[in-house]
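Every chain is numbered from 1, with letters handed out A, B, ... down the list of sequences.
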2 protein chains.
Amino acid sequence: MDKKKDLASKLRTSGLRPTKQRVLLAEFLFNRDKTFHFTVENLNKAINKKNSDYKIALATIYNTVHAFKKAGHLKEIFIKEGKNYFDTNTSSHHHFYDEVNNELTDIENNKIELKKFPTPPKGKSIKDVNVIINIDNDNQKH
Amino acid sequence: MDKKKDLASKLRTSGLRPTKQRVLLAEFLFNRDKTFHFTVENLNKAINKKNSDYKIALATIYNTVHAFKKAGHLKEIFIKEGKNYFDTNTSSHHHFYDEVNNELTDIENNKIELKKFPTPPKGKSIKDVNVIINIDNDNQKH
DNA sequence: ATTTAACATATAATGATTCTAAACTTGAAG
DNA sequence: CTTCAAGTTTAGAATCATTATATGTTAAAT
Ligand SMILES: [Mn+2]
Ligand SMILES: [Mn+2]
Ligand SMILES: [Zn+2]
Ligand SMILES: [Zn+2]
């Protein structure tokens, strides 16, 4: 199978041994058409659902997700306390956050343009910019 | 003392009894010229430092901060895992985040202007927009 | 002054994440 | 093909921020 081989080399290139667990997680996360946003809790449930042919320990899921992040294959996104999202889109980009469904949607960088722009404090320079647009159902009372 | 009386009415108006602990915390947080960004850990240390004349239980600090937030006197800001900031500036505004010193700086709303702007998904409307500009020391290697 | 709901507090519980230490796997070398 | 060391997985323990509990205290209305 081609895809599996590709993933194995992707992992090796990142200095990660392509173990069974890592390849399975990489398949699940990276063999997709669209960006995938998830929490560790999410991922754990999806992978270890009953009747699944293969189980991965929660510690391994943590280890792997962090290893993938360190290797640049995942981005971490902070939205709210106790909700740590990871993102398979590692490009610099922005998000809609739907508070009703706890869902993230990508906004590509070129869809947002900052007109005015503040000067960073002396001795500091801008590393990156994150825009989160919180969205609600229409006609929501505040 | 005028300031104390003001705080007591501010609390009463919010439906909060002006207890000794709340008044003390309100003084510490709100009798300032500038915006104050803090974590609960921060606040607890500042209030309960040794040789301080009055101690407040950690649970009370949590309760009070959450009560102040609910009453609209504090805003909560999510920057990274395990770092929950609160903000005495409750207006809609943005931030610089200095990753080196773990420090937030306000950017007033009118200092940033979004030129291009994406359309929210169908049935959803924008509640608010949060921009975080991560900053680094100059000449930092990535 | 009495009364009662609101509040503060010490302590226990929770829950997400990290650590530990033992067993297993991978890939390189012989 | 074996051997071997470093890397990896795992169950379970530990950690740590936060929240819940249960008891004593206080604000403020009557
Ligand atoms: Mn993490
Ligand atoms: Mn909180
Ligand atoms: Zn994304
Ligand atoms: Zn602020």
Can you measure [X] atom [atom1] to [N] atom [atom2] for me and round it to whole angstrom units?
X: B/Lys70; N: D/dT19; atom1: NZ; atom2: P; value: 13 Å
X: A/Leu58; N: D/dG12; atom1: CG; atom2: C1'; value: 12 Å
X: B/Lys83; N: D/dT18; atom1: NZ; atom2: C1'; value: 15 Å

Between D/dT10 and A/Gln21, is there an OP1 or OP2 to side-chain N/O distance shorter than 4.0 Å? yes

Which part of the nucleic acid does B/Lys55 contact within heavy-atom distance under 4.0 Å: base, sugar-phosphate only, or nothing? sugar-phosphate

Where do N or O atoms of nucleotides 12-16 of chain C meet protein N or O atoms at under 3.5 Å, pair by pair?
none

side-chain hydrogen bond (donor to acceptor under 3.5 Å, both in side chains) involving [X] - partner list, sequence neighbours excluded:
X: A/Lys111; result: none
X: B/Asp128; result: B/Asn130
X: A/Asn101; result: B/Lys124

For A/Leu58, give me all partners under side-chain contact (heavy atoms from CB on, under 4.5 Å), at least two apart in sequence or on another chain. A/Val40, A/Asn44, A/Tyr62

side-chain contact (heavy atoms from CB on, under 4.5 Å) against A/Thr119, all qualifying residues, sequence neighbours excluded: none

Sequence neighbours excluded, which residues qualify as ring-ring contact (aromatic ring centres under 6.0 Å, His included) partners of B/Tyr85? none

Restricting to ring-ring contact (aromatic ring centres under 6.0 Å, His included), what partner residues turn up for A/Phe38, sequence neighbours left out? A/Phe36, A/Phe86

The contact string for nucleotides 20-30 of chain D, one letter per nucleotide 5' to 3', using protein heavy atoms under 4.0 Å with B, S and - for base, sugar-phosphate only and none, comes out as B-----BBS--

Tell me, please, which residues at least two apart from A/Lys83 pass salt bridge (charged side-chain N to carboxylate O under 4.0 Å, His left out). none

For the pair B/Ser91 (side chain) and B/His93 (backbone), establish whether a donor and an acceptor sit closer than 3.5 Å, ignoring hydrogens and angles. no

ILVMFWY clustering at 4.5 Å (side-chain atoms), partners of B/Phe78: none

Run through DNA chain C and report every stem of 3 or more consecutive Watson-Crick or G-U pairs, distances under 3.5 Å, ordered by first number. C:1-30 with D:1-30

